[in-house]
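Note that the numbering runs from 1 along the sequence shown for the chain. Start at 1 and go down the list; that is how both ligands and their atoms are numbered. Treat the numbers as computed from the prediction; the structure is a model and nothing was measured.
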Amino acid sequence: MMILVTGATGSIGRPLVRRLRQQNQPFRALVRTPERGRDLDCEVVVGDFDDPASIETALAGIEQVFLCSPGAEPTPGQQPMIAQQTTVIDAAVRAGVRRIVKISVLGARPGGLLAEGAHAEIEARLEASGLDWTIVRPSGFMQNFLTGAGAFTSGGDLIGAYGQGRVSYIDCVDIAACAAVLLGDDLGNRQRFVLTGPEALTHTEIADTLSEAVGRTISYIDRPPAEFADNLTAQGLPASFAADVASLYEGVANGSAAEITSVVGDLTGRSATTFADFLARERELLRQWPPQHYR
Ligand SMILES: NC(=O)c1ccc[n+]([C@@H]2O[C@H](COP(=O)([O-])OP(=O)(O)OC[C@H]3O[C@@H](n4cnc5c(N)ncnc54)[C@H](OP(=O)(O)O)[C@@H]3O)[C@@H](O)[C@H]2O)c1
């Protein structure tokens, strides 16, 4: 049962590759260049979502695909994720692939803002493809706080417009563990799984936990969503995009990202990782603060 892992060098892909290796699962990893795949320590195939022929070649002999590509672009009307993932779905149909396990996002819905709307569109295409499918909808990644995508000031404080809204951030290693079970045990056909961390934290609580882990005070600076939108337009981003970002912040402040599910435990038999345990595991990366890069 050969699997193709796309996004293999990403935050979910790397731990998934490790899991599949441990499970002795036959798989190959899609990478953009041979150099990118060198440290994955597995069979790799070179391909690019923007080059359909390379994807079709990569799919030869593949039964299941793990589908994960970079998140929605912040520019309205430019959502490469939709075109790129549709390329994989269409090529999979042509190549005789049986099933796709796709990473989506918590809150995906038709007409939803940014990634929520883009993933809903791809989910619909996957459902209509005739392939077997499983959709995984994770909450925000804990890893964002190591890449800088969690939004920090240059001084290393956390900044956002979440108010006291709670977010059930999840560790990508847990997402990968669930994906490995779904792929390896061939579970969850035509099902959606909402994956979250074990707790929903305010950004003040997140800053407190970061402070303990890093060994210095990290504050959470809360700003009104409209001020964030103004900053984005001042940086030259389109007003409609800035308005969508502000609406997403308002939604989170009102509890849209606070859902907690037991799916990680149900699938893996292990409790989902807490934010404090995640930071303890990644303590080497916390030596540099504010975070610059994570892989
Ligand atoms: N971040 C969050 O909090 C969050 C929450 C829920 C859902 N999600 C979803 O999770 C998914 C992954 O998000 P991410 O941004 O965090 O991804 P990521 O970890 O940065 O991984 C992206 C992967 O795609 C590969 N890739 C990029 N462009 C490619 C191309 N043209 N052809 C082939 N491979 C390509 C990258 O390879 P290289 O190493 O070569 O760049 C990398 O392996 C997105 O769909 C996002 O919407 C994210």
Hey, looking at atom 9 (C) of ligand 1, which of S104, C68, A115 has the closest heavy atom? S104
Could you pull out, from F145, Y169, F141, the option with a heavy atom nearest to atom 1 (N) of ligand 1?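 Residue with the shortest heavy-atom distance to the ligand atom: F141.
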Ion pair present between [X] and [Y], side-chain N to carboxylate O less than 4.0 angstrom?
{"X": "D174", "Y": "R270", "result": "yes"}
{"X": "D186", "Y": "R98", "result": "yes"}
{"X": "D171", "Y": "R281", "result": "yes"}
{"X": "R99", "Y": "E63", "result": "no"}

Please could you name the atoms of ligand 1 that [X] approaches to less than 4.0 Å, counting only its heavy atoms?
{"X": "M81", "value": "45 (O)"}
{"X": "V105", "value": "6 (C), 7 (C)"}
{"X": "D50", "value": "31 (N)"}
{"X": "G71", "value": "13 (O), 15 (O), 44 (C), 46 (C), 47 (O)"}
{"X": "P138", "value": "6 (C)"}
{"X": "I103", "value": "10 (O)"}
{"X": "A8", "value": "43 (O)"}
{"X": "G7", "value": "23 (C), 24 (O), 43 (O)"}

Please identify which of these residues, R137, R190, R109, meets the salt bridge (Lys or Arg N to Asp or Glu O under 4.0 Å) condition with E123. R137
Compute the minimum heavy-atom distance from [X] to ligand 1 and say whether it is under 4.0 Å.
{"X": "H119", "result": "yes"}
{"X": "Q84", "result": "yes"}
{"X": "S139", "result": "yes"}
{"X": "G13", "result": "no"}
{"X": "A118", "result": "no"}

Do you know which two heavy atoms are closest between L106 and A257, and how far apart they sit?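 Between these two residues, the closest heavy atoms are CD2-CA, 4.1 Å.
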Shortest non-hydrogen contact between A92 and L131, atoms and distance: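 In terms of heavy atoms, the two residues are closest at CB-CD1, 3.9 Å.
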Do Y249 and F228 have ring centres separated by under 6.0 Å?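 Yes, they do, as the ring centres are separated by less than 6.0 Å.
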Is it the case that ligand 1 has an N or O less than 3.5 angstrom from some N or O of G10?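 By distance alone, the answer is yes.
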What do you reckon, does G47 have a nitrogen or oxygen under 3.5 Å from a nitrogen or oxygen of ligand 1? no
Steps toward ring-ring contact (aromatic ring centres under 6.0 Å, His included) verdict (F275, F145): CA-CA 10 Å; F275 190 57; F145 294 97; 5.5 Å; yes
Distance check, rounded to the nearest 0.5 Å: I12 atom CD1 versus C68 atom SG?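 If I round to the nearest 0.5 Å, the distance is 4.5 Å.
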Is N144 touching ligand 1 with its side chain, its backbone, both, or neither, if touching means heavy atoms under 4.0 Å apart?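 It is the side chain that gets close, since no backbone atom is under 4.0 Å.
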Going only through I, L, V, M, F, W and Y residues with side-chain contacts under 4.5 Å, is there a path from F152 to L279? yes
